Amino acid sequence: MSLEDMRTPEGWEPDSWQRQAVSQLPVYENQAQLDAVLEELGRLPPLVTSWEVEALRARIAAAQRGECFILQGGDCAESFADCTSESIVSKLKILLQMSVVLIAGLKRPVVRIGRMAGQYAKPRSADSETREKVTLPSYRGDIVNRNVFSPADRVADPELMLRGYERSALTLNFVRALLDGGFADLHHPENWDLAWVSHSPQADEYHRIVQRVADGLDFFENITGETLGTARRVEFYTSHEGLHLYYEQAQTRFLPHRQCWYNLTTHFPWVGMRTASPGSGHLEYFRGIANPVAVKVGPGVTPERLLDLVSRLNPGNAPGRLTLIHRFGAGRIADELPPLVESLQAAGAVVLWMCDPMHGNTETTSDGRKTRRFDQILAELDAAFRVHGNLGSLLGGVHLELTGEHVTECTGGARGLTDADLGRDYRSQVDPRLNYEQAMEVAMRIAGFGQHRNG
Ligand code: PEP
Ligand code: CO
């Protein structure tokens, strides 16, 4: 990408979003305390570098050309309490395992992007919550306030931004050390085994796939006499919803050697559904940062609105810059996606299409728990590959909420979890995630769909 493509747009400044309508932001009572925290955050070092961000942009551009596939996944919301060795390792393991299945099935490289090291702010459908006649501000994620239902815990506390920044740094530091130390070496996939799943049907199938990949690698290295160095390390990137604009702005820097502004809290921030409406403060902020960015696209978005959004976020039509993550739900995707794909094709807009089969398929059970049905998730993925295939478009990645643990949050899958099973181990504070077995099953299904329908 040339610098020309990413010049700072007219009228944009890191805080120009503050002059637009902004939703989903907390109200801080003490302005002086907020200012002090933002000043401190701005002085602390960045979490990622522009070199990494630019490397990801090149990978997204390659995915747009069908040369690789993006796997983006992690918790709906990270929590400060879960910033532990076990939790980070198990997320990394599940993403690595899924990526091997996808590489074997899709026969192309897979770029892994965690919803991690910063996924701490959540959009909420209501600003407040009432329990037994007491009304308090909604919980908005650990970077804003606390989930406990008490007046003190629900106050938006600016200090939590510093705690979130630190937890993100700790997470990223551990991930980088694992990857640098050889944890992701394709020659040693046994590093990624999760002990307690060794007897599941997915694990057997997975081990067969890994063996095939390892044999291929051996074969290549034996006949060439060379060790494939690139198989020793994998690229791994971070992403989070760029919701908390105070936090995002504080770590937004002008880099003189590139002559543009980068958000250096993460490689790949995205705009969520609830903050992507025309004229929103969030779109204003995103228009001026040079990172590759994504926007969630769901029910009700018209071709006109999408074209407007694309022209604002990517006026130079730069490859790798813009990803659209569609999340319609299994029942709506076949009707609502085609006009959007066709309108961008007609306009010649270069975007990466990804499918989030989670957020359009959320249901509430009779006892009030949020869940998602595995069949619906698969049906949306299947429809996504079919729609893009029929239109000569390309589905270049998937975006999933998942965990490497054996939670019971989504129903269905090989073990046929029912609503009655959900109470057993429901841990998510926000949206229901695929558990280890469900996530592996999804990877296997994508590997199958993708082979037949996507190139
Ligand atoms: C999310 O990704 O957790 C989310 C809130 O998604 P969406 O903006 O698509 O609803
Ligand atoms: Co979610």
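Whatever order the structure lists ligands and atoms in, that order sets their numbers, starting from 1. Along the sequence shown, residues carry numbers from 1. Fair warning: this is a prediction, and the values are worked out from it, not measured in the lab.
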Notebook entry, point to check: Quick one: which ligand 1 atoms are inside 4.0 Å of a heavy atom on R274?
Noted result: 5 (C), 10 (O)

Next item on the list: Give a yes/no on ligand 1: does M358 have at least one heavy atom closer than 4.0 angstrom to it?
Entry: no

Check: Does a side chain donor of either S99 or R112 reach within less than 3.5 Å of an acceptor in the other side chain?
Finding: yes

Item checked: Within-4.5 Å side-chain heavy-atom neighbours: V442 and I446 -> yes

Margin query: If we count only N and O atoms by modelled type, under 3.5 Å, do the side chains of H282 and Q20 hold a donor and an acceptor together?
Written below: no

Margin query: I need the atoms of ligand 1 closer than 4.0 Å to a non-hydrogen atom of R115, numbered in the order shown.
Written below: 1 (C), 2 (O), 3 (O)

Notebook entry, point to check: Restricting to N, O or S atoms of E401, which is nearest to the Co ion (ligand 2)?
Noted result: OE2

Notebook entry, point to check: How about Q429 and S79: does a side-chain donor come under 3.5 Å of a side-chain acceptor?
Noted result: no

Notebook entry, point to check: Can you find a side-chain donor-acceptor pair between E363 and Q376 that sits under 3.5 Å?
Noted result: no

Margin query: As an exercise, identify every atom of ligand 1 less than 4.0 angstrom from a heavy atom of C76.
Written below: 3 (O)

Check: Hey, are R415 and Q438 close enough side-chain-wise for a donor-acceptor pair under 3.5 Å?
Finding: no

Next item on the list: Give the residue and atom name of whichever protein heavy atom lies nearest to atom 1 (C) of ligand 1, and the separation in Å to one decimal.
Entry: H359 NE2, 3.0 Å

Checklist line | Contact atoms of ligand 1, heavy-atom distance to K122 under 4.0 Å | finding: 1 (C), 3 (O)

Checklist line | Where ligand 1 meets G272 - atom numbers and elements under 4.0 angstrom, heavy-atom basis | finding: 8 (O)

Item checked: Numbering as shown, the atoms of ligand 1 that approach E401 to under 4.0 Å (heavy-atom distance) -> 1 (C), 2 (O), 3 (O)

Note to self: Please compare H326, K296, E241, R327 and report which has the shortest non-hydrogen distance to atom 10 (O) of ligand 1.
What the structure shows: R327

Item checked: Which residue and heavy atom of the protein sit nearest atom 8 (O) of ligand 1, plus the separation -> M273 N, 2.8 Å

Notebook entry, point to check: So do the side chains of P292 and T323 get within less than 4.5 Å of each other, counting heavy atoms only?
Noted result: no

